[in-house]
Amino acid sequence: MSFNIGDRVEAIDDVMIGTVVYITTNEVTVESDEGFQLKYSASELVKISGELRVSNYEIAKIKSEKELPKKRKSTVVKSKERNAPKMEVDLHLHKLTKSTRGLSNYEMLNLQLDTAKRQLNFAISKRIQKVVFIHGVGDGVLKEELKYLFNRYDNIKYYDADYQKYGLGATEVYIFQNRS
């Protein structure tokens, strides 16, 4: 393509529009709209005609405006929440049955232990790692029976649950998932 001094040109692989100011056999010197003199070979330039068209410069400008980094919405999980148990089982009798009328202490304790065993087996089958059993303080009979129940499983360990949240009336069970 042949260029004349004063022609408006645009670089093919660069974001530059300018006016031809000097021409040699191998190079065309262009003064950009920003006032810089740049040298290009004739094959790297395109003549801009007077008709309306979209330039590389305008495309690049629009792309840069659209490529603003989007803010990521992420919820920050506090370490306390991350380590919080996924499942809580309240073994208080008023949570398990409407009325304890007519039940002996033995039957009430068995109701609580059956619930604990059923919920523990459910947690193991659903691969829930941490379960808190809320047993209350009382005389400690239910707590001791729960320890006896937990000792029958070889893939769990148990310890007192978070004191700030549950006080002394809860036991947390950690279930090891990798053992078969």
Hydrophobic cluster membership, Phe122 vs Leu146, 4.5 Å side-chain cutoff: yes

Derivation and outcome, side-chain contact (heavy atoms from CB on, under 4.5 Å), residues Val173 and Leu120: CA-CA 9 Å; Val173 174; Leu120 182 61; 4.1 Å; yes

Lys39 side chain reached by Glu44 side chain, heavy atoms, under 4.5 Å: no

Lys/Arg cation over aromatic Tyr174: Lys130, 6.0 Å, 45° cone: no

For Thr25, side chain to side chain donor-acceptor pair (under 3.5 Å) partners two or more places apart: none

Shortest non-hydrogen contact between Ile128 and Ile175, atoms and distance: O-CD1, 3.2 Å

Nearest heavy atoms of Glu145 and Leu113, plus distance in Å: CB-CD2, 3.7 Å

Pairwise side-chain contact, Leu91 with Ile134, heavy-atom cut-off 4.5 Å (strictly under): no

Check: Leu45 and Lys47 side chains under 4.5 Å, non-hydrogen atoms: no

Note, Val46 side chain near Val9 side chain (heavy atom, < 4.5 Å): no

Other residues, nucleotides, ligands: >12 heavy atoms within 6.0 Å of Asn151 CG: yes

Salt bridge (charged side-chain N to carboxylate O under 4.0 Å, His left out) involving Asp162 - partner list, sequence neighbours excluded: none

CG-OG1 distance between Asp7 and Thr19, expressed to the nearest 0.5 angstrom: 9.0 Å

Distance-only polar pair, side chains of Glu172 and Tyr166, donor-acceptor under 3.5 Å: no

Full working for side-chain contact (heavy atoms from CB on, under 4.5 Å) between Val20 and Asn4: CA-CA 7 Å; Val20 176; Asn4 297 319; over 6 Å; no

Which atom of Gln37 lies closest to which atom of Thr29, heavy atoms considered: OE1-CG2, 4.0 Å

Side-chain donor or acceptor of Thr100 paired with backbone N/O of Leu103 under 3.5 Å: no

Contact list for residues 129-152, test ring-ring contact (aromatic ring centres under 6.0 Å, His included), sequence neighbours left out: Phe133-Phe150, Phe150-Tyr158

For Val132 against Ala170, the heavy-atom pair lying closest together: CG1-CB, 3.9 Å

Spatial distance of atom OG1 (Thr171) from atom CG (Leu142) [nearest 0.5 Å]: 8.5 Å

Side-chain heavy-atom pair Tyr22, Glu27 within 4.5 angstrom cut-off: no

Qualifying side-chain hydrogen bond (donor to acceptor under 3.5 Å, both in side chains) pairs with a residue from residues 90-99, counting only residues at least two apart or across chains: Asp90-His92

All side chain to side chain donor-acceptor pair (under 3.5 Å) counterparts of Glu144, not counting sequence neighbours: none

More than 12 heavy atoms of other groups within 6.0 Å of Tyr163 OH: no

Evaluation steps, side-chain contact (heavy atoms from CB on, under 4.5 Å), between Phe3 and Ile23: CA-CA 8 Å; Phe3 297 101; Ile23 301 171; 4.3 Å; yes

Contact check, side chains of Leu38 and Met16, non-hydrogen atoms, under 4.5 Å: yes

Nearest heavy-atom neighbours spanning Leu93 and Leu111: CD2-CD2, 4.1 Å

Non-hydrogen side-chain atoms of Tyr40 and Asp14 separated by less than 4.5 Å: yes

Val141 with Met108, same ILVMFWY side-chain cluster at under 4.5 Å: no

Selection residues 109-124 - residue pairs positive for side-chain hydrogen bond (donor to acceptor under 3.5 Å, both in side chains), sequence neighbours left out: Tyr106-Asn110, Asn121-Tyr153

Glu31 and Phe36, any side-chain heavy atoms less than 4.5 Å apart: no

Over all atoms of both residues, closest heavy-atom pair of Val131 and Ala123: CG2-CB, 3.5 Å

